[in-house]
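Each chain gets a letter, A, B and so on, in the order its sequence line appears, and its residues count up from 1.
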Amino acid sequence: MSYSIGEFARLCGINATTLRAWQRRYGLLKPQRTDGGHRQYSEDDIQQALKILDWVKKGVPVSQVKPLLARPGARRANHWLTLQETLLQRLKEGKIESLRQLIYDSGREYPRPELVTEVLRPLRGKVSANVPAMMTLREILDGIIISYTSFCLEGDKKAPGDNALITGWHLTDPCEIWLEALRRTGQGLRIDVLPGLPAILAPEIFPERKWLLVTSGKLTAARKKQIDLWQQQGISLDVIPL
DNA sequence: CTTCTAACA
DNA sequence: TGTTAGAA
């Protein structure tokens with residue numbers, strides 16, 4: 001059984017025109033052709049498309065999905081959990097250098113968005129108990145996250161890209177700014193971090209830059225109004241809800 | 001209905 | 001990056 005591009009597009013919920021663009025630009029999905037040159041998509045192609053969609057949902061740019069599909073990376077369900085446990089153990093034992101090394105290595109091995117959502121955020125959750133000892137461990141972990149993120153951001157600046165600023169807006173946990181920055185590394189953005197939690201923001205002083213606002217809590221009417229106001233001033237502004 | 005390329009937002 | 005226009 002095979003499908004024309006139109007049928008296939010409806011089946012997997014991707015525009016036919018987008019499918020062609022993916023094939024042309026990124027070599028994703030190369031269906032057989034009929035004698036007339038029309039694409040014939042197979043059942044396997046459907047599985048491929050689902051995998052691609054998975055990665056895109058996880059925040060990986062379509063342009064970077066290709067190598068991820070080839071990888072036999074059949075990750076066990078508890079793969080992330082064991083990585084978390086290993087990191088946690090090194091943290092508790094005070095093996096800071098070894099912890100730092102493992103985080104850097106993981107960053108090379110996995111897509112950054114996955115590292116953030118599957119490993120670093122859950123790990124921070126595990127050391128969040130309101131106990132002095134735990135608080136100290138979390139400070140150590142946050143320090144490593146911040147320096148690793150800085151390292152990745154520096155790397156991005158060697159390549160061309162749009163300049164962006166990321167900061168918190170109605171946010172209580174400053175480390176989230178760094179995690180969201182880390183998640184966006186390697187995607188052709190040159191990001192600078194405003195690490196504080198300013199009570200008021202004035203993005204209009206750098207209207208040429210793309211602003212990324214990490215926000216927790218509800219997007220109240222007042223906040224939406226503020227966002228509209230900024231955008232009406234021509235400021236490119238993304239709100240990142242947690 | 002499909003193909004492609006070029007250009008736009 | 002996804003979408004559109006236009007020609008075949």
So how far is it from A:Ile5 CD1 to A:Gln23 CD, rounded to the nearest 0.5 Å?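 Atom-to-atom, A:Ile5:CD1 and A:Gln23:CD are 7.5 Å apart.
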Just how far, in rounded Å, is [atom2] of [N] from [atom1] of [X]?
| X | N | atom1 | atom2 | result |
| --- | --- | --- | --- | --- |
| A:Phe8 | B:dT2 | CZ | P | 13 Å |
| A:Gln23 | B:dT5 | CD | C1' | 14 Å |
| A:Tyr41 | B:dT3 | OH | C1' | 12 Å |
| A:Arg10 | B:dT2 | CZ | C1' | 13 Å |
| A:Gln231 | B:dA9 | CD | P | 19 Å |

Testing A:Ile96, A:Leu99, A:Thr86 one by one against A:Leu91 for a side-chain contact (heavy atoms from CB on, under 4.5 Å), which residue passes?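 Going through A:Ile96, A:Leu99, A:Thr86 one by one, the side-chain contact (heavy atoms from CB on, under 4.5 Å) with A:Leu91 is satisfied by A:Leu99 alone.
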Quick one: which residue pairs count as a salt bridge (charged side-chain N to carboxylate O under 4.0 Å, His left out) with a foot in residues 216-236 of chain A, not counting sequence neighbours? none
Using ring pair (Phe, Tyr, Trp, His ring centres under 6.0 Å) as the criterion, list what pairs up with A:Tyr3, not counting sequence neighbours.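 Not a single residue meets the ring pair (Phe, Tyr, Trp, His ring centres under 6.0 Å) criterion with A:Tyr3.
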Does A:Arg10 pair with A:Glu7 as a salt bridge, N-O distance under 4.0 Å?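 Salt bridge: no.
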Show me, pair by pair, the donor-acceptor contacts under 3.5 angstrom made by side chains of residues 233-242 of chain A, not counting sequence neighbours?
residue: A:Gln233; atom: NE2; partner: A:Leu229; partner atom: O; Å: 3.3

Pairs of donor and acceptor atoms involving the side chains of residues 26-33 of chain A, under 3.5 Å and at least two apart or interchain, shall be tabulated with distances.
residue: A:Arg33; atom: NH1; partner: A:Gly37; partner atom: O; Å: 2.8

Give the table of side-chain donor-acceptor pairs shorter than 3.5 Å for residues 199-213 of chain A, with sequence neighbours excluded, one pair per line with atom names and distance.
residue: A:Arg209; atom: NH1; partner: A:Asp192; partner atom: OD2; Å: 3.2
residue: A:Trp211; atom: NE1; partner: A:Pro203; partner atom: O; Å: 3.3
residue: A:Trp211; atom: NE1; partner: A:Phe206; partner atom: O; Å: 3.2

Using a heavy-atom cut-off of 4.0 Å to chain A, what are the terminal contacting nucleotides of DNA chain C, in 5' to 3' order?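 Nucleotide range in contact with chain A: C:dT1 to C:dT4.
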Side-chain N or O of A:Ser4 versus OP1/OP2 of B:dT2: is the shortest distance under 4.0 Å?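 Answer yes for this pair, as a side-chain N or O of A:Ser4 is under 4.0 Å from OP1 or OP2.
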Between residues 57-67 of chain A and DNA chain C, which residues have a heavy-atom gap below 4.0 Å?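 Hits under 4.0 Å, by residue number: A:Pro61, A:Val62, A:Ser63.
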Does anything in residues 24-36 of chain A reach DNA chain C, meaning a heavy atom under 4.0 Å, and if so which residues? A:Arg25, A:Tyr26
With sequence neighbours left out, write down each residue that passes side-chain hydrogen bond (donor to acceptor under 3.5 Å, both in side chains) with A:Gln64, or none if nothing qualifies.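 Applying side-chain hydrogen bond (donor to acceptor under 3.5 Å, both in side chains) to A:Gln64 gives none.
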Excluding sequence neighbours, so at least two apart, what forms side-chain contact (heavy atoms from CB on, under 4.5 Å) with A:Arg25?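 If we apply the side-chain contact (heavy atoms from CB on, under 4.5 Å) test to A:Arg25, skipping adjacent residues, the hits are A:Ala21.
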Run the side-chain donor-acceptor check on residues 171-178 of chain A: report pairs under 3.5 Å with partners two or more places apart or on a different chain.
residue: A:Asp173; atom: OD1; partner: A:Arg124; partner atom: NH2; Å: 3.1
residue: A:Asp173; atom: OD1; partner: A:Cys175; partner atom: N; Å: 3.1
residue: A:Asp173; atom: OD2; partner: A:Arg124; partner atom: NH1; Å: 2.8
residue: A:Asp173; atom: OD2; partner: A:Arg124; partner atom: NH2; Å: 3.2
residue: A:Glu176; atom: OE1; partner: A:Arg121; partner atom: NH1; Å: 2.2
residue: A:Glu176; atom: OE2; partner: A:Arg121; partner atom: NH1; Å: 3.4

As a check on the pairing definition, encode DNA chain C in dot-bracket form, counting Watson-Crick and G-U wobble pairs whose two distances are under 3.5 Å, and using | for partners outside this strand. .|||||||
Within a 6.0 Å radius of atom CE on A:Met134, are there more than 12 heavy atoms belonging to other residues, nucleotides or ligands? yes
Locate the shortest heavy-atom distance separating A:Pro198 from A:Gly196; write the atom from each residue and the value. CD-O, 3.2 Å
